[in-house]
Amino acid sequence: MVEIRLTNTRTRTKQAFQPLDPQNVRLYLCGPTVYDRAHLGNARPVLVFDVLVRLLRHVYGADHVTYVRNFTDVDDKINARAAATGRDIREITEETVAWYHDDMDALGADRPDHEPRATEYIVQMIAMIETLITRGHAYEAEGHVLFDVRSFPEYGRLSGRSVDDMIAGARVEVAPFKRDPMDFVLWKPSEADQPGWDSPWGRGRPGWHIECSAMSAALLGPSFDIHGGGIDLQFPHHENEVAQSCCAHPGAGFANVWLHNEMLQVEGKKMSKSLGNFFTVRDLLDRRIAGEVIRYVLLSTHYRKPMDWTQGKADEARDILWQWRLLTKDVEPAAAPHPEVIEALANDLNTPGAIAVLHRLKDDPALLLASARFIGLLQAGGDDWMRADYQALDSQSAFKDFDQILAALQDRLADIRAQAMASKDFSRLDRAKADLTGAGLEVRMSKAGIELLVRPTTVQRDVARIAEDLLA
RNA sequence: GGCGGGUUGGCGGAGAGGUUACGCAGCGGAUUGCAAAUCCGUGAAGACCGGUUCGAUUCCGGUACCCGCCUCCA
């Protein structure tokens with residue numbers, strides 16, 4: 001059996017992965033709060049986990065892995081969005097969930113086994129909060145229920161902070177009813193116009209952190225194998241989850257391995273609305289950057305390193321995938337991926353290493369295809385982005401589609417070439433060729449004949465214009 | 001202030017205490033009427049200072065610079 005090594009934030013070391021139950025390897029990833037399109041950074045943990053799950057299914061069997069990723073569909077940001085737009089909360093969350101699915105599907109990420117919504121687990125959250133109160137880890141104050149961090153000596157362990165240090169830093173919300181400034185909200189009261197549920201503490205709604213503790217326990221049990229998310233969630237979100245879950249289920253251990261991915265930057269800077277470099281996955285797809293190109297770029301940096309999204313990387317990824325697509329066209333994938341791909345992934349999800357292996361498989365397209373598909377690249381039917389979309393460009397033309405233009409051009413060029421060969425005057429042929437290559441077309445002239453190939457940089461409108469001149 | 005990440009050849013980006021990462025770009029050659037395609041070949045690195053070692057880009061310590069978290073942003 002392949003030994004998988006993962007860097008566990010909890011222990012700060014890379015260690016061999018030992019499932020609690022090899023018959024059912026269980027993972028939880030913190031999903032999105034559904035009030036808007038997912039931005040590019042949101043995609044990173046999704047892809048990291050997608051690759052991890054593929055690897056685990058390969059090693060332990062497809063039916064022996066349970067992957068849970070939640071939707072947070074009760075949150076003050078959602079309320080704010082509803083208030084700002086006058087729309088119904090449910091309508092917003094449903095729409096955003098559908099967007100999220102569309103966008104992550106486009107990146108080739110498989111859907112998790114369970115995608116629980118917070119609003120469907122309110123009962124479990126209330127029960128968990130009651131348990132925490134009973135066990136002396138939480139208290140009610142002015143309609144709120146707060147977690148008492150001083151009741152959990154381990155608090156701060158995961159993120160490597162001590163409560164006292166954090167208070168010294170003193171950037172915590174001040175609330176007069178808190179026993180300790182670090183205490184965080186498990187339940188808070190709702191106004192009449194805010195979403196709320198009846199509870200022992202009045203009508204209210206859950207705090208953010210309790211959602212993940214309740215949903216993971218409901219679907220995976222009080223202890224499971226791997227919990228992940230962006231490094232920015234390590235504190236406070238994951239720290240608070242640990243506190244809640246460990247105190248509600250003493251001795252259970254909660255998540256065995258914690259996996260945190262580093263952050264994503266854009267052109268060397270943090271992605272932010274104020275810098276104007278903020279964009280969503282959908283923005284990129286709309287700019288005709290293919291989902292698998294985005295996936296390639298995100299997987300080409302190891303998950304524990306800061307990742308920089310640049311246009312240059314997207315261009316390079318596009319060219320490589322284009323080449324691989326041509327290479328594997330009409331090829332049946334090999335039965336299994338190259339062992340070195342598995343080996344690279346087993347070594348703390350070394351996706352750049354796995355991609356390097358792919359580069360060495362150009363002489364074996366079937367193996368390249370099987371290996372690329374293992375990490376979600378070159379998926380069947382994922383080559384839409386390579387196809388010419390001439391109809392969208394010009395409905396006036398005599399040509400029905402771009403392939404027809406290419407065929408006509410090819411014949412015409414062959415004529416011009418034959419004349420040039422006879423007269424030894426290549427000027428006209430060279431001009432035509434220069435025009436076409438200028439429009440991004442690849443012109444191959446060999447003894448066998450002339451071949452015109454579309455490249456990622458082909459400007460169809462320009463080619464069409466040249467064709468009209470040449471064929472007139 | 002506290003906690004954490006990064007610094008590798010022109011660019012991107014890994015592994016490994018001593019033997020080629022890999023890709024892109026470049027350069028040389030083959031091929032071609034020509035070539036932007038293809039094929040063959042090829043130069044180029046490890047922020048800085050010190051330590052451990054026979055030997056460090058790889059381990060340890062320090063310095064510098066960049067970045068993130070500590071504000072329910074992955």
Side-chain angles (χ1 to χ4, degrees), chain A residues 9 12 29-33 36 38-49 72 75-77 156 159-162 164-173 182 184-185 188 206-212 228-240 260-265 268-273 278 296-297 300-308 310 312-313 315-317 319-320 323 326 343-344 347-348 350-360 362 417 420-421 424-427 429-430 433-434 436-438 440-447 451-453 455 457:
Chain A
T9 309
R12 320 254 154 189
L29 176 66
C30 291
T33 299
D36 206 349
H39 67 248
L40 187 60
N42 291 315
R44 196 173 188 196
V46 172
L47 293 182
V48 169
F49 261 62
T72 295
D75 186 276
D76 288 351
K77 276 180 299 204
S159 54
R161 302 152 200 255
S162 79
D164 294 326
D165 286 347
M166 287 186 278
I167 291 168
R171 274 214 262 175
V172 288
E173 188 189 350
M182 293 310 298
F184 57 91
V185 170
K188 53 189 164 188
W208 177 38
H209 315 296
I210 196 71
E211 299 176 9
C212 288
I231 188 74
D232 58 333
L233 289 188
Q234 187 185 39
F235 187 89
H237 184 54
H238 291 161
E239 192 70 59
N240 293 353
H260 288 106
N261 60 277
E262 257 295 335
M263 308 304 277
L264 178 133
Q265 295 175 287
K269 298 242 165 67
K270 175 188 165 83
M271 182 162 70
S272 73
K273 284 176 180 164
F278 180 96
Y296 183 106
V297 172
S300 68
T301 294
H302 186 89
Y303 77 93
R304 286 179 47 246
K305 282 196 170 186
M307 138 107 232
D308 195 17
T310 64
K313 284 186 187 176
D315 291 345
E316 191 177 320
D319 290 348
I320 289 163
Q323 186 189 4
L326 292 181
E343 209 174 287
N347 181 16
D348 201 20
N350 185 357
T351 51
I355 289 173
V357 174
L358 300 186
H359 282 294
R360 285 190 262 116
K362 280 190 237 172
R417 188 187 189 211
M421 296 290 257
K424 299 291 173 206
D425 176 7
F426 291 93
S427 58
L429 179 63
D430 285 343
K433 193 184 68 182
L436 290 171
T437 56
L441 215 55
E442 185 182 319
V443 181
R444 294 185 188 177
M445 293 186 188
S446 66
K447 287 178 189 127
E451 206 180 348
L452 296 178
L453 286 175
R455 304 291 303 170
T457 48

Item to check | Separation between the C1' atoms of B/A21 and B/A45, rounded to whole Å | outcome: 12 Å
Checklist entry - Mind checking the P distance from B/A64 to B/G26? Whole angstroms is fine. => result 40 Å
Checklist entry - How does protein contact run along nucleotides 14-21 of chain B, one letter per nucleotide 5' to 3', with B for base contact, S for sugar-phosphate only, - for none, heavy atoms under 4.0 Å? => result SS-----B
Checklist entry - Taking the P atom of each, how far is B/G12 from B/U53, in whole Å? => result 36 Å
Next on the checklist: Between B/G2 and B/C60, how far apart are the two C1' atoms, rounded to whole Å?
Outcome noted: 24 Å
Checklist entry - Is there a side chain to side chain contact (heavy atoms under 4.5 Å, CB included) between A/Lys313 and A/Asp308 once you walk through the steps? => result CA-CA 9 Å; A/Lys313 284 186 187 176; A/Asp308 195 17; 4.0 Å; yes
Checklist outcome for this item: Of the listed B/G5, B/G2, B/A74, the closest approach to the A/Arg161 side chain comes from B/G2
Next on the checklist: Nearest to the A/Pro306 side chain among B/G5, B/G23, B/C73, which nucleotide is it?
Outcome noted: B/G5
Checklist entry - Is there a donor-acceptor contact under 3.5 Å from the side chain of A/Arg44 to the main chain of A/Met263? => result yes
Checklist entry - Can you tell which of B/A74, B/C24, B/C22 lies closest to the side chain of A/His39? => result B/A74
Checklist entry - Expressed in whole Å, how much space separates the P atoms belonging to B/A37 and B/C27? => result 12 Å
Checklist entry - Is A/Leu429 touching bases, backbone alone, or none of the nucleic acid, heavy atoms closer than 4.0 Å? => result base
Item to check | Candidates A/Asn350, A/Asp348, A/Thr351 - the one meeting side-chain hydrogen bond (donor to acceptor under 3.5 Å, both in side chains) with A/Tyr303 | outcome: A/Asp348
Checklist entry - How far apart are the C-alpha atoms of A/Glu239 and A/His209, what are their side-chain angles, what is the distance that settles it, and do they pass the side chain to side chain contact (heavy atoms under 4.5 Å, CB included) test? => result CA-CA 9 Å; A/Glu239 192 70 59; A/His209 315 296; over 6 Å; no
Checklist entry - Out of curiosity, A/Gln323 CD to A/Arg455 CZ, how far, rounded to the nearest 0.5 Å? => result 8.0 Å
Between protein and nucleotides 39-43 of chain B, what N or O pairs are separated by less than 3.5 Å?
none

Item to check | Whole-Å P distance, B/U42 and B/U63 | outcome: 44 Å
Next on the checklist: Taking the minimum atom-to-atom distance to the side chain of A/Asn42, which one of B/C24, B/C73, B/G33 wins?
Outcome noted: B/C73
Next on the checklist: Please compare A/Ser159 and A/Phe235 by the position of their nearest nucleotide in RNA chain B and report the one closer to 5'.
Outcome noted: A/Ser159
Checklist entry - Partner of B/A14 by Watson-Crick or G-U wobble geometry, both contacts under 3.5 Å, or none? => result none
Checklist entry - Closest heavy-atom contact between A/Met271 and A/Leu40? => result CE-N, 3.9 Å
Checklist entry - Does some side-chain heavy atom of A/Met445 sit less than 4.5 Å from a side-chain heavy atom of A/Leu429? => result yes
Checklist entry - Hey, does A/His237 reach any base, or is it just sugar-phosphate, or nothing, if we go heavy atoms under 4.0 Å? => result nothing
Checklist entry - Using a cut-off of less than 4.0 Å, is there contact between a side-chain N or O of A/Lys313 and OP1 or OP2 of B/G13? => result yes
Item to check | A/Ile320 CD1 - B/C11 P separation (whole Å) | outcome: 17 Å
Next on the checklist: So A/Leu441, base contact, sugar-phosphate only, or nothing? Heavy-atom distance under 4.0 Å.
Outcome noted: base
Checklist entry - Taking all atoms of both residues into account, what is the closest heavy-atom pair of A/His260 and A/Gly230, and its distance? => result CD2-O, 3.5 Å
Checklist entry - If you check every side-chain atom of A/Met445, which of B/C34, B/U32, B/A74 has the closest atom? => result B/C34
Item to check | Rounded distance (nearest 0.5 Å) linking atom CZ of A/Arg161 with atom CD of A/Gln234 | outcome: 6.5 Å
Next on the checklist: Using the rule given for side chain to side chain contact (heavy atoms under 4.5 Å, CB included), can you reason through A/His359 versus A/Ile320, listing the C-alpha separation, both sets of side-chain angles and the distance that settles it, and then say yes or no?
Outcome noted: CA-CA 9 Å; A/His359 282 294; A/Ile320 289 163; 3.8 Å; yes
Checklist entry - Just to confirm, is there a sub-4.0 Å distance from OP1 or OP2 of B/C73 to any side-chain nitrogen or oxygen of A/Lys77? => result yes
Checklist entry - If we only count heavy atoms from C-beta on, is the A/Leu452 to A/Val443 side-chain gap below 4.5 Å? => result yes
Checklist entry - For A/Gln234 and B/G2, what is the distance between atoms CD and C1' respectively, to the nearest whole Å? => result 13 Å
Item to check | Trace of the side chain to side chain contact (heavy atoms under 4.5 Å, CB included) decision for A/Arg304 with A/Ile231 | outcome: CA-CA 9 Å; A/Arg304 286 179 47 246; A/Ile231 188 74; over 6 Å; no
Checklist entry - What nucleic acid atoms does A/Lys447 come within less than 4.0 Å of, heavy atoms only: base, sugar-phosphate, or nothing? => result sugar-phosphate
Next on the checklist: Please report the distance separating the C1' of B/G18 from the corresponding atom of B/A25, rounded so that it comes out in whole Å.
Outcome noted: 31 Å
Checklist entry - What is the distance, rounded to the nearest whole Å, between atom CZ of A/Arg444 and atom P of B/U31? => result 19 Å
Checklist entry - When we call it a touch if two heavy atoms are under 4.0 Å apart, what does A/Gln265 touch: a base, just sugar-phosphate, or nothing? => result sugar-phosphate
Checklist entry - Hey, which of these two, A/Gly41 or A/Val443, hits RNA chain B nearer its 5' end, going by closest nucleotide? => result A/Val443
Checklist entry - What's the CG-P distance between A/Leu47 and B/A74, to the nearest Å? => result 15 Å
Checklist entry - Taking any strand in view, what nucleotide pairs with B/U42 in a Watson-Crick or G-U wobble way, both distances under 3.5 Å? => result B/G26
Next on the checklist: In whole Å, measure the gap between the C1' atoms of B/G51 and B/C70 for me.
Outcome noted: 34 Å
Checklist entry - When we call it a touch if two heavy atoms are under 4.0 Å apart, what does A/Leu264 touch: a base, just sugar-phosphate, or nothing? => result base
Checklist entry - Considering only B/G33, B/G4, B/U32, which nucleotide approaches the side chain of A/Met421 most closely? => result B/G33
